[in-house]
Amino acid sequence: MNIFRYFDEKITATCQEIIPGLTDAQIAASGKTLEVPRDPAHGDLSTNAAMVLARPAGGKPREIAELLAPTIREYEGVESVEIAGPGFINLRLTPGFWRRTLGEILREGARYGASAIGAGTKVNIEYVSANPTGPMHVGHTRGAVFGDALASLMRKAGFEVTREYYINDAGAQIKILAESVFLRYREALGEKIGEIPEGLYPGDYLIPVGEAIVKKDGGKWLSASEDIRAQYMANAAVMAMMALIKDDLARLNIRHDGFFSERILHSSSQNAHRIEQEEGYFSGVGFDIDAYYAAHTDPDKTAIQEAVDTLEARGLIYTGVLEPPKGKPPEDWEPRPQMLFRATQFGDDVDRPLKKSTGEWTYFAADIAYHYSKFQRGFSQMIDVFGADHGGYVKRTTAAVAALTDGKASLDIKICQLVRLLRDGEQVKMSKRSGNFVTLREVVDEVGPDAVRFMMLFRKNDAPLDFDFAKVTEQSKDNPVFYVQYAHARICSVLRNVQEVFPEMDWAATGRGEGALDPLQDPDELSLIRMMASWPRMVESAAAAHEPHRIAFFVHELASAFHGLWNRGNDNPQLRFILSGSKDVTLARIALIRAVQMVIASALEILGVEPVEEMR
RNA sequence: GUGCCCGUAGCUCAGCUGGAUAGAGCACAAGCCUUCUAAGCUUGGGGUCGCAGGUUCGAAUCCUGCCGGGCACGCCA
């Protein structure tokens, strides 16, 4: 149950009933909220209803509050109502209400916190989308974890979520990759290749790709025509790199529902099916070609052409000449007429080119088609997770989505800021040129997936993040990963111990009987329930804001409250969870901490962190 | 030069989409504990929410202009 929704609906009904001449629409538009006040002296719940309705109702806030208070005071579970400050109505709920809430939390079990606000809306979350030219490095990790947790969060909130990976398997970098692999192929055939030439990918991870091709085909590619050979090398390389990337991601327990190939956007249906039949390329990279064409309306055209036609039909394509970019010296800038998209009509700074001087489509043109495909596949909400260096790309992409979908679909782009790796307080220097970059795999192998995931989520996505190797593995209160895990493990430990003290009791049914929870009297016990009561709302607001970090902070706070109660048991043994002299009190407290355990586990599940049962 | 993000306690950061006297951890200070409910506890000091205007019952939050830091900015992907 969501106590906020419960009381909010009651208050809305009361407003409709008590305040004369107020329309439902006015109430809906008022911005009326129900919140937990920061200061506990202001009660358990507080509403601004009287203040925001004062104007449409034509009265003074405190007068309106006086009008509403008597009815609210009669709600079941309300202990007292006060009018305070400029017109807040503060509700204090009875201990009995909180204990009943705990009972409901336990009955709902693992489902508790799930919400229906998503209403089955189809959401496409695109994240990682690292270029398939090598293993994942630590820079990709934050976006990967963020996107994955956001997907879980939105699922919990009732959205129908698809996790998607966009494979940038077209363009110049793939040609370079193909050349690099061809070199490794020759090397595998016994040729001395010496230094890897400037501009090619030097990484060792391409060596096995070359060897695999030799094993399969022998030397036959040495004599093949350049076009065919390059395409073959590219395909083999991308397939191998995607396998590598998927394996890296699996170490962080990240699995996408779908992979989308940029290359297919450049292909007609016939051509794409031929590639699949001859080379198994699309299935090799994980792209479901049949599912794509099922949603694609015109298989004889390329997807890019189709998207551009759509824009053209709306008068959003024209030929024009762009100003040279400002700030930097123009160097080899040459003005020329080119095909442009009217991005400025949708909030972008300049109109954007769709074709290169070579006649090929730009990357942006393909990206337009990609987002159009998402829309065609029925996604009305799209979320892209980008790295900090792609911030400049936000406006044009949202502009394209607005233009293509006529405002029927929304795109939210989440930017993940940089991660600074620290070892012994010193920043770990990375540079691509020297090949000295830390891979995702290295980090996960060193500190484990749980620590990586939690730390990456324990910060707002648009704030830079320090990742300190020493800190994330430290066993102390200062390490939030440990602190939260430890709370869960402590509860597990109590649940193990209680079976020895009261072996005959049925703990599976803890606290479900009438009055069984009455022994919960201590204010800290009740405030633990209060905190858990806000869990469903936390899920909803975090999901609506696309901010999984809120879940991490919430679970840290809940763990902190639990540890606080535990610590009081050190000084006062009467407050311990297991009282060998009192079965009833033990039963109620076990019920309480079982709920805490469950909510912690639910939160960790969203974050993708394993709730451990004991600390080692 | 333009756009985006950030600016909150000495440090690292939250702040529930506009609510009441702005919070937490670290660090600092004082006191407690030497235990198996181990991987510490309690209390306290500490703030011009970058600056200046504006919007309204009410602003850290929204708008404008500055200041400071980061990231981008051409047919790359």
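Chain identifiers are assigned alphabetically (A, B, ...) following the order of the sequence lines, protein sequences preceding nucleic acid strands; residue numbering begins at 1 within each chain.
- With rounding to whole Å, A/Glu614 atom CD is found 14 Å from B/A38 atom C1'.
- For the OP1/OP2 pair of B/C75 and a distance below 4.0 Å, the side-chain nitrogens and oxygens of A/Tyr363 include no atom meeting the criterion.
- For B/C6, the OP1/OP2 oxygens have no side-chain nitrogen or oxygen of A/Lys460 closer than 4.0 Å.
- Between B/U17, B/A38, B/C75, one nucleotide has an atom nearer to the side chain of A/Asn570 than all others, and that is B/A38.
- Across all strands shown, B/U55 forms no Watson-Crick or G-U wobble pair with both key distances under 3.5 Å.
- The pairing partner recorded for B/C16 is none, the criterion being a Watson-Crick or G-U wobble arrangement whose two distances lie under 3.5 angstrom.
- Salt-bridge annotation for A/Arg568 and A/Asp522: present, with a side-chain N of the basic residue lying under 4.0 Å from a carboxylate O of the acidic one.
- Phosphate contact (OP1/OP2 of B/C13, side-chain N/O of A/Arg459, threshold under 4.0 Å): present.
- When the P atom is used for both B/C73 and B/G54, the distance is 39 Å, rounded to whole Å.
- Remark: P of B/U56 and CG of A/Asn48 are 18 Å apart, rounded to the nearest angstrom.
- Within the shown strands, nothing qualifies as a pairing partner of B/C36 under the Watson-Crick or G-U definition with both distances less than 3.5 Å.
- The shortest distance between the side-chain N/O atoms of A/His549 and the OP1/OP2 oxygens of B/G15 is below 4.0 Å.
- In this structure, A/His42 atom NE2 and B/G58 atom C1' are separated by 14 Å, rounded to whole Å.
- No donor-acceptor pair under 3.5 Å is formed between the side chain of A/His266 and the backbone N or O of A/Glu360.
- Distance check on atom P: B/C75 versus B/A60 gives 42 Å, rounded to whole Å.
- Annotation: B/A39 and B/G45 have their P atoms spaced 27 Å apart (nearest Å).
- Taking atom C1' on both nucleotides, B/C71 is separated from B/A14 by 23 Å, rounded to a whole Å.
- At the phosphate of B/U37, neither OP1 nor OP2 sits under 4.0 Å from any side-chain N or O atom of A/Arg490.
- The shortest side-chain heavy-atom distance between A/Leu520 and A/Arg589 falls under the 4.5 Å cut-off.
- Between the CZ atom of A/Arg420 and the P atom of B/U12 there is a distance of 9 Å, rounded to whole Å.
- Rounded to an integer number of Å, the gap from CD of A/Glu82 to P of B/G19 is 21 Å.
- Comparing A/Asp571 and A/Gln338 along RNA chain B, the residue whose closest nucleotide (by nearest heavy atom) sits nearer the 5' end is A/Asp571.
- Nucleotide B/C4: paired with B/G70 (Watson-Crick or G-U wobble, both distances less than 3.5 Å).
- Per the geometry, CD belonging to A/Glu557 stands 14 Å off P belonging to B/A14, to the nearest Å.
- A heavy-atom distance below 4.5 Å is not found between the side chains of A/Lys395 and A/Arg352.
- For the C1' atoms, the distance linking B/G68 with B/U56 amounts to 30 Å, nearest Å.
- When each of A/Pro37 and A/Ile415 is assigned the nucleotide of RNA chain B with its nearest heavy atom, A/Ile415 is the one assigned upstream, toward the 5' end.
- Stacking annotation: A/Phe88 is stacked on the base of B/A20 (ring centroids less than 5.5 angstrom apart, interplanar angle below 30 degrees).
- Comparing the C1' positions of B/A59 and B/G19 gives an interatomic distance of 10 Å, to the nearest angstrom.
- Residue A/Asn131 places no side-chain N or O under 4.0 Å from the OP1 or OP2 atom of B/A77.
- With a cut-off of 3.5 Å on both pairing distances, the Watson-Crick or G-U wobble partner of B/C26 is B/G10.
- Glycosidic conformation at B/U64 (O4'-C1'-N9-C4 for purines, O4'-C1'-N1-C2 for pyrimidines): anti, more than 90° from 0.
- Base pairing of B/C41: its partner is B/G31, meeting the Watson-Crick or G-U wobble criterion (both donor-acceptor distances under 3.5 Å).
- If you take atom P in B/A52 and the same atom in B/U8, they sit 16 Å apart, rounded to whole Å.
- A 4.5 Å side-chain heavy-atom check between A/Tyr486 and A/Lys477 finds every atom pair outside the cut-off.
- Of the candidates B/C13, B/A77, B/C16, B/A77 carries the atom nearest the A/Ala172 side chain, counting heavy atoms from C-beta on.
- Seen from the ring of A/Phe4, A/Arg537 counts as a face-on cation partner, given the 6.0 Å and 45° thresholds.
- Rounded to a whole angstrom, the distance from the C1' atom of B/G69 to that of B/G74 is 26 Å.
- Listed nucleotides: B/C75, B/C57, B/U37. Nearest to the side chain of A/Arg336: B/C75.
- A salt bridge links A/Lys32 with A/Asp8: at least one charged nitrogen is closer than 4.0 Å to a carboxylate oxygen.
- Counting to the nearest Å, the P atom of B/C13 and the CD atom of A/Glu547 are 16 Å from each other.
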